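Here the structure is a predicted model, which is why all the values come from computation and not from measurement. We count ligands from 1, going down the list as the structure has it; atoms in each ligand are counted the same way.
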Amino acid sequence: MVDQHSVEWDSPLFRSTQSQFETVAKRMKMDENVFNRLRWPERVLVVSVPFRMDDGSVRVVPGYRVQHNDALGPCKGGIRYHRSVNLGEVAALAMLMTWKTSLVGLPLGGAKGGVAVDPNPLSRQELQRLTRRYTAEIINFIGPDHDIPAPDMGTSAQVMAWMMDTYSSVKGYSIPGVVTGKPIAIGGSLGRLEAPGRGVVYCIMEAAEKLKWKLNEKITVAIQGFGQVGNAAARKISKIGCKIIAVGDHTTTLYNEKGFSYESLQQHVMTHQFLKGYPEGEEIPWGDLITLKCDILIPAATGGVITEENVKKLRCRMIAEGANGPTTTEADLILQEQEDIFVIPDILANAGGVIVSYFEWVQDLQNFFWSEKDVNQRLFEIMQKAFHEVYERSLEEKVRMREAAMRIAIRKISTAMLTRGLFP
Ligand code: GLU
């Protein structure tokens, strides 16, 4: 079976991520040469990945790894398994990683990888064979000192373990630092799993302080996505006492004005894997969660969910972007005019994942592991500092949070590129 293989830049996410960069860069009057270079990735690898299914047949799927920029250090970014993955989407996500690592001050550049496959129907063995062959195909492109993958949508700590094992087996010795987001048993970091969701909530806490909100049971929250990001965000936000009135994953979306118990949702997901069948709460259409009346909206599933069509119907007061690229450029232009909605942009809100990935990589390279308390404390310090920088910059330069975040990120990369100069 050969799956559709389309090598196309032209994805909506690439167009919107590139044009968002162009708009901000023009306003910043940045160096023309740096501008031209940053509009496109530095390196792109397209591979075709054959893997054997349990019935003996061979399936071939397209895979990608894109390195957008390495001016600040080795490239870093996740690997996505999803049916709709294409080159443009991966390139856009790689660009977002460059902004993200720069914004929060990590000595890393931006990359992303992906395979156009729906992992859900695959058996564990099929998933393992796919992962090992994809890793083999990109083996010379990645490495602990030049490009370090991590989990993203559709991949997990186990997938990272297979990647690490494949890489190490071929090289002939154990190299844990080649990927992050690994299981603890093979050099993963404590706190990595919850880090993206935790980081989202740290940002909400800082924002609430600035906006003089009290985070208690009167604050209602709607969370789209109950994977790694949404789940950990739900846990932390319910722990600080806010009321989760809506949750959704790809199997169902649920609304309950009295509020959900996180523990009971988690119990259900542990047994049934997904939210489908959870007994308390009314089932609503997936898209309706976005426009529910609530205080805080956390889109933590996939990109492009806040669109030109629904943006004017938003009834939240704060958006914390747990997913990458949840707001389209067209929607963002409209959102910028809506002074009553405070937006914490993706490159800030969900940076917790890559921050603790950075910690994991440092721990692997040093063979010296930290306590969970240390990891969380350091994560908090970096997120808090980044939030304040963005907030102050948005006040000083009279721009919204997203633009302020991008200006900070782009300026640092531009300085690094100009300082390094041009080869040859
Ligand atoms: N996939 C995550 C992100 O989009 C984490 C990347 C990483 O840890 O390298 O930020």
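Numbered from 1 in the order shown, with element, the atoms of ligand 1 that lie under 4.0 Å from a heavy atom of Asp152 read 1 (N), 2 (C), 4 (O). Listed by number with element, the atoms of ligand 1 under 4.0 Å from a non-hydrogen atom of Gly77 are 9 (O). Shown in contact with Gly78 at under 4.0 Å from a heavy atom are these atoms of ligand 1, numbered in order with element: 1 (N), 6 (C). Interface of Ser357 with ligand 1, defined as ligand atoms under 4.0 Å from a residue heavy atom, comprises 7 (C), 8 (O), 9 (O). For ligand 1, the atoms lying closer than 4.0 Å to a non-hydrogen atom of Gly353 are 8 (O).
The only member of Thr131, Thr155, Asp152, Asn120 that meets side chain to side chain donor-acceptor pair (under 3.5 Å) when paired with Tyr81 is Thr131.
Distances from ligand 1 to the non-hydrogen atoms of Met97 include at least one value under 4.0 Å.
Here Phe35 and Phe21 bring their ring centres to under 6.0 angstrom of each other.
Looking at Glu321 and Asn350, their side chains never come closer than 4.5 Å, going by heavy atoms from C-beta outward. For the pair Leu314/Val311, a side-chain contact is recorded, criterion being any heavy-atom separation below 4.5 Å from C-beta on. In this structure, the side chains of Leu297 and Ile306 come closer than 4.5 Å at one or more pairs of heavy atoms.
A donor-acceptor pair under 3.5 Å is absent between the side-chain atoms of Asn36 and the main chain of Asn33, judged by distance alone. Looking only at distances, a side-chain donor or acceptor of Thr101 sits under 3.5 Å from a matching main-chain atom of Leu108.
Among Lys100, Gln228, Met153, the residue whose heavy atom lies closest to atom 10 (O) of ligand 1 is Lys100.
Of all protein heavy atoms, the one lying nearest to atom 9 (O) of ligand 1 is Lys76 NZ, 2.9 Å. Of the protein's non-hydrogen atoms, the one nearest atom 7 (C) of ligand 1 is Ala150 CB, 3.3 Å. What sits closest to atom 5 (C) of ligand 1 on the protein, heavy atoms only, is Arg192 NH2, 3.6 Å.
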Could you please spell out the steps behind the salt bridge (Lys or Arg N to Asp or Glu O under 4.0 Å) verdict for Lys385 and Glu389?
CA-CA 6 Å; Lys385 180 163 170 274; Glu389 266 171 25; 3.5 Å; yes
Show the numbers, then the answer: is there a salt bridge (Lys or Arg N to Asp or Glu O under 4.0 Å) between Glu206 and Lys210?
CA-CA 7 Å; Glu206 296 304 311; Lys210 296 285 175 210; over 6 Å; no
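Proximity of Pro151 to ligand 1, defined as any heavy-atom pair under 4.0 Å, is confined to the backbone N, CA, C and O atoms. Residue contacts with ligand 1, taken as heavy atom pairs separated by less than 4.0 Å, involve Lys112 solely via side-chain atoms from C-beta onward. Residue contacts with ligand 1, taken as heavy atom pairs separated by less than 4.0 Å, involve Asn324 solely via side-chain atoms from C-beta onward.
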